[in-house]
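Some notes on the structure that comes next.
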Amino acid sequence: MSPTDTGTRGPAAPVPATAPAAVSLRGVGMAFGGKTVLESVSLDIAPGSVVALLGANGAGKSTLIKILSGVHTDHSGQVEVNGGPAALRSPLAARQLGIQTVHQRIGEGIVPGLTVAENLVFEELAQRRGNPFLDGRRLLARAREIQSALDLGWSDQVLKRDVTELGISDRQLLILARALATSPRLLVLDEPTSALSAAEAERLFALVERMRGDGIAVLYVSHRLGEIDALADRLVVLRDGRLTEDQSKPFDWDRALRAMLAQAQGAQTARPTDAKQSPLSGSGSGSGETAVSLKGVPLLPGRTPQDLDLRAGEVTGVVGLLGAGKTELARGLFGAEPFATGTVELDGRPYTPRRPADAIRRGVHLVPEDRHADALVPGWSLAQNVSLPFLRALSTAGLVNRRRENALGRGTIEQLGVVARDEHSTVEELSGGNQQKVVVGRWLAEKPRVLILDEPFRGVDIGARRDIGRRARALAAEGAAVLVLSADVDEVLEVADRVVVLAAGEIHLDAYGEDAERDRVIRTISASV
Amino acid sequence: MTTTQSTEVPTKAALVPATSPALRIQSAVIKYGFIFVTVTLFAYFALSEPSFRDSATLLDTLRYVSVAAILGLGVTLTMAVGGIDMSVGAVAGLGVTVAAKTMVSYNQVGLVAILAVIAAGALAGLLNALLIVVLKIPDMLATLGTMFVIQGTKLVLVDGQSITPGMTQADGSTAPGKFTEGFLRIDRGTVLGVPVSVLIFGALTVVAWVFLARTRWGRVLYAIGANPEASRLAGIRVGAYRALAYVLSGVLASIGGLILASRIGQGDVSAGTSQLLEAVAVALVGTSVLGRGRPNVWGTALGAVLIGIITTGLTIKGLPYYTQDVVEGAVLILALIFSFTLSKRRTA
């Protein structure tokens, strides 16, 4: 039935230790437009093993997944399947070679309007040549087969329902079941529990256990360390496109987190010492006046409300993994997604921004996490992107004074060291780091009282990171309160006077200077797992 | 030319592959392809048909396109915020009816009619804004809905009949008023030989251009169209500006309706319906005319003029009037090919 014989092969029953790896990567690398995102990654994934892949945002996880699922085909190095070289030329080819990928967004996997059964056998529906008419009975029989083999507990009634009537966890299971129905050699799970509650996740874990028993190799991508601890046999850490850590159970979490969140030793020594030492030996010691004061603000729904003060004249760094509540804190302060409850004061006066415009009026500015989705206007020049929030100040009788606008653009280029032809360059012509400088520059055009930088260094080269960090410190020195949020411990230590560790919406450490020492920060994060 | 540029800006030359003269010509043809086609056609018409060269013909062409062009300016504003106003034809038609009703049935002077028409247009724009901004209905669907409602309202206003001076009204009386001389001059009068409607078209084009390209409000409209979330996070009241675009579009459409009413000289109930597609076509052609790839005022105005030239030329050539839609449709598709297909290939 299947065009290749490899596609029809079932999962091997208990595999001897000498069996070839289900899938091996040999020196796999990938670059986009000259920027290396994966560098010489080698990894053997044994049949019947669950390998957890960890990495911060931008570490190269999604690129690796896309190579395995046949989306990125122009990578270097070699992928081997069952000991022999394999060409993952397309998503279809990857599936036929036995590599199934379940992507993070559940919505992309299901087809609304079709029944649960039709969704379960969708791949067969989509590929079948021959009879163009649906045979409802045969289809249902096949779906029933899949559900009983995997113990999904779905009656015929459920199978006949429209798939949109399923809850989120059942949808997730459906997508998994569909992937498993093809008897894959390797199953890649990308953040499979990100939308599930703890109880719902249990059902998924049972399925993963089952796969292990069936000799299916699993690459489990997640930032939920508890899950990995329970499920995985082995963990690998990807950092800046390289595998930096490879552990078997029991896991040393301090080490794993250091590999994931902190700079590699080599990179750290490569960094100029002034950048490394300037902030923590710096002035901030909690003596500045309080600029922002949060009281009883829940950062994540259902979590204990938190109190937090941000002081003028210092850089507060908030470290936490994805989902710790950093972005919620930033967006809440900026009025983009107002806090549900609690009180916030700005310079002693009540502060309840209901939209970003309210925050900007009070001098609270946000450099958002995703510069493309939330900050840059595509096709516009550097100067136009800088001036957007403060056009009123640049206008006379509504007419934009373009000379002043251009001067503002040149000012940003100068202040932040933007590498650009001139202020008329479109943002697309700039590198990621320089685009980020433009977004930062935008919020310095009028002096902020509070500047929030959410993951300001993501996808940004070291030079740009230092320029932005230096500017943030200078702003604090002028008396502003600066808040930097990042998953990267070293990035935060590099700029912050004070470090706050956030995990699952709660503050676990709040320390200055020597007390905010690197190992302590990492230990706090790993203890909060 | 290529070499001087690469020595001046070495960093950029490293990023952008050097363009050969052939490639440059190709990209220029794509960028200005539509203008190139029209200029060629214009030259052909002008050389082969002496009557086409007559300045009266050209002014007549402009007069003819002025309504679609002004409606197209409104569509351009709504396209700038990432939407599209499909109700402009209906709003113009409503304007014709309101003008007739005010002057013929209520015996008011032209100025009152003008104010009533513009108020009706603004109201229609507010209705669109309500549906789109407050009730969150997608732009095209919402304005399609209002298009029907406005067309229907217009018929209800006049009991399904065209309003003509001296007509017998529903209650048996004779309509007391007529289209005033001054009102009729909107389309039929001239200043220094130029039709008033053409002058209105020109003035509105300049005003709309200044608004969209030079003021901060126009800048904000474009920002919303290009990245609404970034605009919101830059402190822009996105909803208010989108509402503004639709209200302005309604007002512009009603001005188009005034010209139309003055041209027809009666409250023709079917007026305006054909204007919708022309207005949308003109605005779409406008995105490609100057190779900008985005809605812009000069593009729309020029697009209207170009479409006018082509249809006039073909009419003089003896093409029957009923082929006009086919021609306009083909022109639109040609423009879309220039702005989507070819320009994509260029960047690929």
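Everything numeric in this text was worked out from a predicted model, so none of it was measured. Convention: sequence-line order gives letters A, B, ...; per-chain numbering from 1.
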Task: Residue part contacting chain B, namely of A:Arg361, when any heavy atom lies under 4.5 Å - done: neither
Task: A:Thr396 side, atom OG1; B:Arg216 side, atom CZ - distance, nearest 0.5 Å - done: 10.0 Å
Open item on the list: Is A:Leu399 close to chain B through its backbone or its side chain, or both, or neither, when contacts mean heavy atoms under 4.5 Å?
Closed with: both
TODO: Report yes if some heavy atom in the side chain of A:Arg355 is under 4.5 Å from a heavy atom in the side chain of B:Arg237; otherwise report no.
DONE: yes
Open item on the list: Minimum heavy-atom separation for B:Glu229 and A:Ala373, please, with both atom names.
Closed with: CB-O, 4.0 Å
TODO: Show your working on side-chain contact (heavy atoms from CB on, under 4.5 Å) between B:Asn227 and A:Asp374 and close with a plain yes or no.
DONE: CA-CA 8 Å; B:Asn227 191 342; A:Asp374 295 339; 5.9 Å; no
- [ ] Identify which part of A:Phe334 has an atom lying under 4.5 Å from any heavy atom of chain B, answering side chain, backbone, both or neither.
- [x] side chain
Task: B:Phe211 portion near chain A, given a 4.5 angstrom heavy-atom threshold - done: neither
Task: Contact origin within A:Leu376 toward chain B - heavy atom pairs under 4.5 Å - done: backbone
Task: Value rounded to 0.5 Å, distance of CZ in B:Arg219 from CG in A:Leu394 - done: 9.0 Å
TODO: List the atom of B:Gly235, the atom of A:Ala357, and the distance in Å for their closest heavy-atom pair.
DONE: O-CB, 3.4 Å
- [ ] Please state whether the side chain, the backbone, both or neither of A:His365 comes within less than 4.5 Å of a heavy atom of chain B.
- [x] neither
Task: Side chain, backbone, both or neither of A:Ala375 within contact of chain B (heavy atoms, under 4.5 Å) - done: backbone
Task: Structural part of B:Leu233 lying under 4.5 Å from a heavy atom of chain A - done: both
